[in-house]
Amino acid sequence: MKTLIIGIGGMTNGGKSTLSKALLERLPNSCVIAQDAFFKDDSVVPVDSHGFKQYDMLSALHMDRMMEEVEAWRQDPRAFMASHCGAGHLLPHAVDQQVFVLIIEGFLIFNYRPLNELMNRRYFLQIPYKTCKQRRSSRVYNPPDPQGYFDGHVWPMYLKHRQEMEEMVEDLVLLDGLSEREELLSSVLRDVSADIEALR
């Protein structure tokens, strides 16, 4: 059984989920694990000196649980997909002829070394500050963003983690989150499809 792990990272509201879902629809035997599903309960997320909840940090996430999910997929992609993703994307061919694709999506996936080291491809969606702030303000979060949260916490943490990521990650492909969706999808699909063919 052959496997491929694709990382779709990027800043908040950069288009990670949209691209990941589009890839899921186009790639047979594929499944998505999203980092946002592993946030800790609000009651245990610390608050900084400005009163801002420290959500944009690895410590606010159950990365151990996320790794357990990834490892479960690596051990048996077919069983994992049947129990977590539904069997709709599974092809009915012999298992040894199939390539299973895991799409890992999240804002800090490349900053967590044990996870980053498992990836075969790494893509990072970026958008300008102004666009990012506008998109963030138009979305409803639970809990909601307090006044000044974007400039006081979200953006500074993005810049900090971006620098850390660039220092530790190789082969990172930067994508313009303002590009047409189909253009972004096509560019990633070309790479992944070539990798799948090489594994067959």
Side-chain angles (χ1 to χ4, degrees), residues 2-39 56-74 77 80-81 85 89 99-128 131-132 154-155 157-200:
K2 295 165 184 175
T3 61
L4 194 63
I5 300 181
I6 311 301
I8 305 293
M11 56 209 301
T12 179
N13 292 278
K16 302 180 298 296
S17 298
T18 301
L19 178 57
S20 297
K21 288 174 185 172
L23 287 169
L24 179 67
E25 291 171 0
R26 297 286 289 274
L27 292 169
N29 302 323
S30 62
C31 191
V32 173
I33 293 178
Q35 193 173 38
D36 281 358
F38 298 92
F39 272 111
D56 288 48
M57 301 176 69
L58 283 170
S59 59
L61 295 148
H62 289 291
M63 291 306 298
D64 54 340
R65 295 181 188 175
M66 187 174 185
M67 288 300 293
E68 287 172 6
E69 292 274 280
V70 173
E71 285 302 325
W73 178 88
R74 292 179 72 210
F80 183 91
M81 287 181 65
C85 313
H89 290 279
V99 178
F100 290 85
V101 181
L102 177 62
I103 302 159
I104 300 176
E105 178 254 305
F107 71 113
L108 286 178
I109 57 173
F110 303 129
N111 294 75
Y112 192 67
R113 195 177 297 275
L115 182 59
N116 176 58
E117 289 175 348
L118 299 176
M119 298 177 194
N120 302 102
R121 292 268 183 182
R122 300 166 183 83
Y123 299 92
F124 188 89
L125 285 150
Q126 54 187 354
I127 55 176
T131 305
C132 187
V154 176
W155 190 256
M157 286 295 100
Y158 160 68
L159 296 177
K160 175 179 180 289
H161 291 130
R162 169 84 183 239
Q163 183 177 348
E164 289 176 359
M165 176 189 71
E166 290 178 342
E167 290 172 358
M168 66 183 281
V169 180
E170 296 179 1
D171 303 324
L172 186 69
V173 177
L174 299 177
L175 300 175
D176 182 358
L178 298 183
S179 299
E180 292 293 328
R181 291 181 181 181
E182 280 301 314
E183 182 183 331
L184 285 171
L185 176 60
S186 295
S187 66
V188 176
L189 271 178
R190 272 195 304 271
D191 295 343
V192 178
S193 298
D195 289 347
I196 290 171
E197 284 304 313
L199 285 170
R200 283 187 172 135

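No hydrogens, no waters, no symmetry mates; every other heavy atom, side chains included, goes into these values.
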Exercise. Which residues satisfy the salt bridge (charged side-chain N to carboxylate O under 4.0 Å, His left out) test with Glu167, sequence neighbours excluded?
Worked result: none
For this session: Can you sort out the partners of Arg162 under salt bridge (charged side-chain N to carboxylate O under 4.0 Å, His left out), two or more places apart, ordered by chain and number?
Result: Glu166
Quick one: [atom1] on [X] to [atom2] on [Y], what's the gap to the nearest 0.5 Å?
X: Leu178; Y: Gln126; atom1: CG; atom2: CD; result: 9.5 Å
X: Asp191; Y: Ser186; atom1: CG; atom2: OG; result: 11.0 Å
X: Met66; Y: Ile33; atom1: CE; atom2: CD1; result: 6.5 Å
X: Lys2; Y: Asn29; atom1: NZ; atom2: CG; result: 13.0 Å
X: Arg122; Y: Glu170; atom1: CZ; atom2: CD; result: 8.0 Å
X: Ile5; Y: Ile103; atom1: CD1; atom2: CD1; result: 11.5 Å

When you measure from the side chain of [X] to the backbone N and O of [Y], does any donor-acceptor pair fall under 3.5 Å?
X: Gln35; Y: Leu108; answer: yes
X: Asn120; Y: Ile6; answer: no
X: Ser30; Y: Leu24; answer: yes
X: Asp56; Y: Met157; answer: no
X: Arg65; Y: Phe38; answer: no

For this session: Take Val188 and Leu175 through the test side-chain contact (heavy atoms from CB on, under 4.5 Å) and record every step on the way to the result.
Result: CA-CA 9 Å; Val188 176; Leu175 300 175; 3.9 Å; yes
Exercise. Given the rule in the side-chain contact (heavy atoms from CB on, under 4.5 Å) test, do Leu115 and Met67 qualify, once you have shown the distances and angles that lead to the verdict?
Worked result: CA-CA 7 Å; Leu115 182 59; Met67 288 300 293; 3.7 Å; yes
Looking only at heavy atoms, which two atoms of [X] and [Y] are closest? And how far apart?
X: Lys16; Y: Met11; result: NZ-O, 2.9 Å
X: Leu4; Y: Val99; result: CB-CG1, 4.4 Å
X: Ile109; Y: Gly9; result: CD1-N, 3.8 Å
X: Phe110; Y: Leu172; result: CE1-CD1, 3.7 Å
X: Val101; Y: Trp73; result: C-CZ2, 3.7 Å
X: Leu27; Y: Ile196; result: CD2-CD1, 4.0 Å

For this session: Could you check whether the rings of Phe124 and Tyr158 sit parallel, tilted or perpendicular, using 30° and 60° as the cut-offs?
Result: parallel
For this session: Tell me, with the steps shown, if Thr3 and Arg74 meet side-chain contact (heavy atoms from CB on, under 4.5 Å).
Result: CA-CA 8 Å; Thr3 61; Arg74 292 179 72 210; 6.0 Å; no
Seminar exercise, completed: With sequence neighbours left out, the residues meeting side-chain contact (heavy atoms from CB on, under 4.5 Å) with Ser179 are Asp176, Glu183, Leu184
For this session: Could you walk me through whether Val154 and Phe107 pass the side-chain contact (heavy atoms from CB on, under 4.5 Å) test, one step at a time?
Result: CA-CA 11 Å; Val154 176; Phe107 71 113; over 6 Å; no
Exercise. Is there a side-chain contact between Leu23 and Leu189, using heavy atoms and a 4.5 Å cut-off?
Worked result: yes
For this session: State, yes or no, whether a side-chain contact exists between Leu61 and Tyr112 at a heavy-atom distance under 4.5 Å.
Result: no
For this session: Please determine which of Ile8, Asp171, Val173, Asp195 meets the side-chain contact (heavy atoms from CB on, under 4.5 Å) test together with Arg121.
Result: Asp195
For this session: Look at Glu164 together with Lys160 and state whether they make a salt bridge at an N to O cut-off of under 4.0 Å.
Result: yes
